[in-house]
Amino acid sequence: MSDLLSASSLLLAILTTLFGTYYSSIIEVLNLEPNNFKEDDKANYTLAKSVLKTKLIPLLTAATSITLIFIPQSIKIVKTSIEYFTSLEFKTLSYDTISTSYVAVTIFMFILTVNISILFFKVISKMKNINPKRS
C-alpha cells in the first residue's frame with residue numbers, strides 16, 4: 001500500500017505543478033473581453049485555442065485519467081473502513097495512516113480534477129464569446 005501511496009502522491013505533485021505552471025495562461029484567456037469588432041478578436045481567439053489545445057486539454061485528460069485510476073482503491077478502503085467501524089466496538093479500532101493518506105490524496109486529486117474541469121468549461125464559454133465568427 002505504501003508504494004501505491006507514493007505513486008499517487010507523486011502523480012498529484014506532478015499534476016499540481018503542471019496546473020500551477022499553466023494557471024496564469026488559463027486565467028489570461030478567461031480575462032479576455034470581446035472586442036466591438038469581431039475581426040479584432042482573431043488574435044485572442046487564437047490564443048485561447050492554443051491554451052485549450054496545448055495546456056488545458058492535456059491537463060484535464062491527465063487529471064481525469066489519474067483520478068479514475070485511483071478512485072476504485074479509495075472506495076474499497078472507505079467501504080472496508082466503514083464495515084470495520086460498524087462491526088467492532090470502539091476500544092478495538094485500529095488506525096491505518098497509509099490507507100487514510102491514500103484516500104486523502106485521492107480526494108485532493110478529485111478536487112483538482114473538478115477545478116480543472118470547471119476551468120475547461122469556462123475557457124470553452126469564453127471562446128464562444130470571443131469567436132470572430134460569432135453572430
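Positions are given from 1 along the sequence. All of these numbers come straight from a predicted model, not from anything done at the bench.
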To the nearest 0.5 Å, tell me how far [X] [atom1] sits from [Y] [atom2].
X	Y	atom1	atom2	result
Asn115	Leu60	CG	CG	11.0 Å
Leu56	Ser25	CG	OG	10.5 Å
Asn129	Leu32	CG	CG	10.5 Å
Ile124	Leu52	CD1	CG	4.5 Å
Thr106	Ile69	OG1	CD1	11.0 Å
Asn31	Ser24	CG	OG	11.0 Å

**Message:** Could you check whether any side-chain heavy atom of Ile57 comes within less than 4.5 Å of a side-chain heavy atom of Phe120, counting everything from C-beta outward?
**Reply:** yes
**Asked** Partners of Tyr45 by ring-ring contact (aromatic ring centres under 6.0 Å, His included), sequence neighbours excluded?
**Response** none
**Request:** Count the heavy atoms belonging to other residues, nucleotides or ligands that lie under 6.0 Å from OH of Tyr22, then report whether that count exceeds 12.
**Result:**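 Yes.
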**Message:** So for atom CZ, which belongs to Phe19, do other residues, nucleotides or ligands contribute more than 12 heavy atoms lying within a distance under 6.0 Å?
**Reply:** yes
**Asked** When you look at Leu59 and Leu15, which way does the side chain to side chain contact (heavy atoms under 4.5 Å, CB included) test go after all the steps?
**Response** CA-CA 8 Å; Leu59 192 62; Leu15 194 60; 3.7 Å; yes
**Complete:** side-chain contact (heavy atoms from CB on, under 4.5 Å) test vs Tyr102 passes for just one of Ile107, Leu4, Thr97, Asp96, namely Leu4
**Message:** Can you tell me which residue among Leu112, Ile118, Ile111 is in a side-chain contact (heavy atoms from CB on, under 4.5 Å) with Val114?
**Reply:** Ile118
**Request:** Tell me, please, which residues at least two apart from Ser9 pass side chain to side chain contact (heavy atoms under 4.5 Å, CB included).
**Result:**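 So Ser9 forms a side chain to side chain contact (heavy atoms under 4.5 Å, CB included) with Leu5, Val105.
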**Request:** Apply side chain to side chain contact (heavy atoms under 4.5 Å, CB included) to the pair Val51 and Glu28, showing each step before the final yes or no.
**Result:** CA-CA 10 Å; Val51 168; Glu28 181 182 352; over 6 Å; no
Looking only at non-hydrogen atoms, find the nearest pair between [X] and [Y] and report the distance.
X	Y	result
Ala13	Thr17	O-OG1, 2.8 Å
Met109	Thr67	CG-OG1, 3.0 Å
Ser74	Val103	OG-CA, 3.9 Å
Val29	Ala48	CG1-CB, 3.6 Å

Is it true that [X] and [Y] fall in one hydrophobic cluster, defined by side-chain heavy atoms closer than 4.5 Å?
X	Y	result
Phe110	Ile66	no
Leu68	Phe70	no
Ile82	Ile77	yes

**Message:** Please determine whether side chain to side chain contact (heavy atoms under 4.5 Å, CB included) holds for the pair Leu119 and Tyr23, giving the CA-CA distance in whole Å, both sets of side-chain angles, and the decisive distance to 0.1 Å.
**Reply:** CA-CA 10 Å; Leu119 290 173; Tyr23 188 74; 4.0 Å; yes
**Prompt:** side chain to side chain contact (heavy atoms under 4.5 Å, CB included) between Glu33 and Lys126: does it pass, once the steps are laid out?
**Reply:** CA-CA 8 Å; Glu33 292 297 328; Lys126 180 60 74 171; 4.1 Å; yes
**Request:** Would you check if the side chain of Ser125 reaches a backbone N or O of Phe121 as a donor-acceptor pair within less than 3.5 Å?
**Result:** no
**Prompt:** Tell me the salt bridge (charged side-chain N to carboxylate O under 4.0 Å, His left out) pairs involving residues 41-51, sequence neighbours left out?
**Reply:**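 Matches after skipping sequence neighbours: Glu39-Lys42, Asp41-Arg134.
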